[in-house]
Asker: 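Handing you a structure now.
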Amino acid sequence: MHLHPRRAVVSLLASSLALSGAIVFAPTAGAVPAASCTVTPAANGTFVTISGEGFTSPRNLNDGESTEPLNVDANGNFLLKRFQKNVDYTVLAVNEDQSNIFVNCRMVQPETGTVQPETGTVQPETGTAQPETGTAQPPSTPGMGDRSERAQGRTAGGLAGRDAAEASCSERPMPDRSQNHTDAYWEAWVQAADRAFDRACA
């Protein structure tokens, strides 16, 4: 009769040891996963892509000024784009019992962005060959635009100078810059107006 209680005590001790061992080793097993976060700038430099893996949900993303919830999938990954480029991003845990309470995101070089310009520069180069060969027109058009603006400015300034001289030689003509013209136009206008005014009032 006394053997059964002893056996029961021994079995209880063994089970308690097993349970205590499970309790001791459980945290070490749960602490194994590591989370990481990277920030990749776009090739054109207009935005950044923030990606993470190994995170437990729920999580928040902090940019130093604001915090917003992250959409972490079942595999612990997330992906989003932000237009704030020169910012240090940090992934924060929402609950205190979560692992990796805060993880600083690491900035990486735009891998696809750097490869595209180099391999894809065949298109920019041939494409720039069009602007370059075709830019024979754009450079000429700005030049022609400036020339035509100067010519218009000279004509209008000359007339204004003569009219001002006929009215009175005590007041020089002043350009009305409320009109939409280029700097080249107004420079030519002032020079022509002064020249015509001085000639008429000499």
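Atoms considered below: every heavy atom in the structure, side chains included; atoms not considered: hydrogens, waters and symmetry mates.
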Asker: I'd like to check Ile50 versus Cys105 (side-chain heavy atoms, cut-off strictly below 4.5 Å). Are they in contact?
Answerer: yes
Asker: For the atom pair OG1 (Thr40) and CZ (Arg106), what is the distance rounded to the nearest 0.5 Å?
Answerer: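 That separation rounds to 8.5 Å.
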Asker: Should Gln98 and Ser57 count as side-chain neighbours, where that means a heavy-atom distance under 4.5 Å?
Answerer: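 Of all side-chain heavy-atom pairs linking Ser57 with Gln98, none is under 4.5 Å.
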Asker: Flag the pair Leu61 / Leu80 as yes when at least one side-chain heavy-atom distance between them is below 4.5 Å, and no otherwise.
Answerer: yes
Asker: Below 4.5 Å, heavy atoms only, C-beta onward: do Arg150 and Tyr185 meet side chain to side chain?
Answerer: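 No, too far: nothing below the 4.5 Å cut-off.
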Asker: Over all heavy atoms of both residues, which pair between Tyr89 and Val39 is shortest? Give the atoms and the distance, please.
Answerer: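 The pair with the smallest heavy-atom distance is CD1-CG2, 4.0 Å.
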Asker: Hey, what do you get for CD1 (Ile101) to CD (Glu96), rounding to the nearest 0.5 Å?
Answerer: 7.5 Å
Asker: Taking C-beta and beyond as the side chain, do Phe78 and Val91 meet within less than 4.5 Å on heavy atoms?
Answerer: yes
Asker: Could you give the side-chain donor-acceptor pairs of residues 65-72 under 3.5 Å, partners two or more places apart or in another chain?
Answerer:
| residue | atom | partner | partner atom | Å |
| --- | --- | --- | --- | --- |
| Ser66 | OG | Asp63 | OD1 | 3.2 |
| Ser66 | OG | Asp63 | OD2 | 3.1 |
| Thr67 | OG1 | Asn62 | ND2 | 2.9 |
| Glu68 | OE2 | Arg82 | NH1 | 3.3 |

Asker: Report yes if the side chains of Arg59 and Phe102 come closer than 4.5 Å at any heavy-atom pair, otherwise no.
Answerer: no
Asker: I want to check something: taking the side chain as every heavy atom from C-beta on, are Val103 and Thr90 in contact at a cut-off of under 4.5 Å?
Answerer: no
Asker: Counting only N and O atoms by type, is there a donor-acceptor contact under 3.5 Å from the side chain of Asp73 to the main-chain atoms of Asn75?
Answerer: yes
Asker: Would you check, one step at a time, whether the test side-chain contact (heavy atoms from CB on, under 4.5 Å) holds for Trp189 with Arg154?
Answerer: CA-CA 5 Å; Trp189 191 99; Arg154 283 193 207 98; over 6 Å; no
Asker: Only pairs under 3.5 Å count here: list side-chain donor-acceptor contacts from residues 155-177, not counting sequence neighbours, and write none if there are none.
Answerer:
| residue | atom | partner | partner atom | Å |
| --- | --- | --- | --- | --- |
| Thr155 | OG1 | Ala151 | O | 3.0 |
| Ser168 | OG | Ser170 | N | 3.2 |
| Ser168 | OG | Ser170 | OG | 2.7 |
| Arg172 | NH1 | Asp198 | OD1 | 3.1 |
| Arg172 | NH2 | Asp198 | OD1 | 2.6 |
| Asp176 | OD1 | Ser178 | N | 3.4 |
| Asp176 | OD1 | Ser178 | OG | 2.7 |
| Asp176 | OD2 | Ser178 | OG | 3.2 |

Asker: Count the heavy atoms belonging to other residues, nucleotides or ligands that lie under 6.0 Å from CG of Asn104, then report whether that count exceeds 12.
Answerer: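 Yes.
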Asker: Taking all non-hydrogen atoms of both residues, which atom of Val48 and which atom of Pro41 are closest, and how far apart?
Answerer: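 Nearest heavy atoms, Val48 then Pro41: CG1-CA, 3.9 Å.
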Asker: Can you pull the salt bridge (charged side-chain N to carboxylate O under 4.0 Å, His left out) pairs that have at least one residue in residues 43-54, sequence neighbours excluded?
Answerer: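 Not a single pair qualifies under salt bridge (charged side-chain N to carboxylate O under 4.0 Å, His left out).
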Asker: Count the heavy atoms of every other residue, nucleotide or ligand shown that sit under 6.0 Å from CG of Asp183, and state whether that count exceeds 12.
Answerer: no
Asker: Search all heavy atoms of Ala93 against all heavy atoms of Asn100 and return the closest pair with its distance.
Answerer: CB-O, 4.2 Å
Asker: What distance do Met107 atom CE and Cys37 atom SG have between them, rounded to the nearest 0.5 Å?
Answerer: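 It is 10.0 Å, given to the nearest 0.5 Å.
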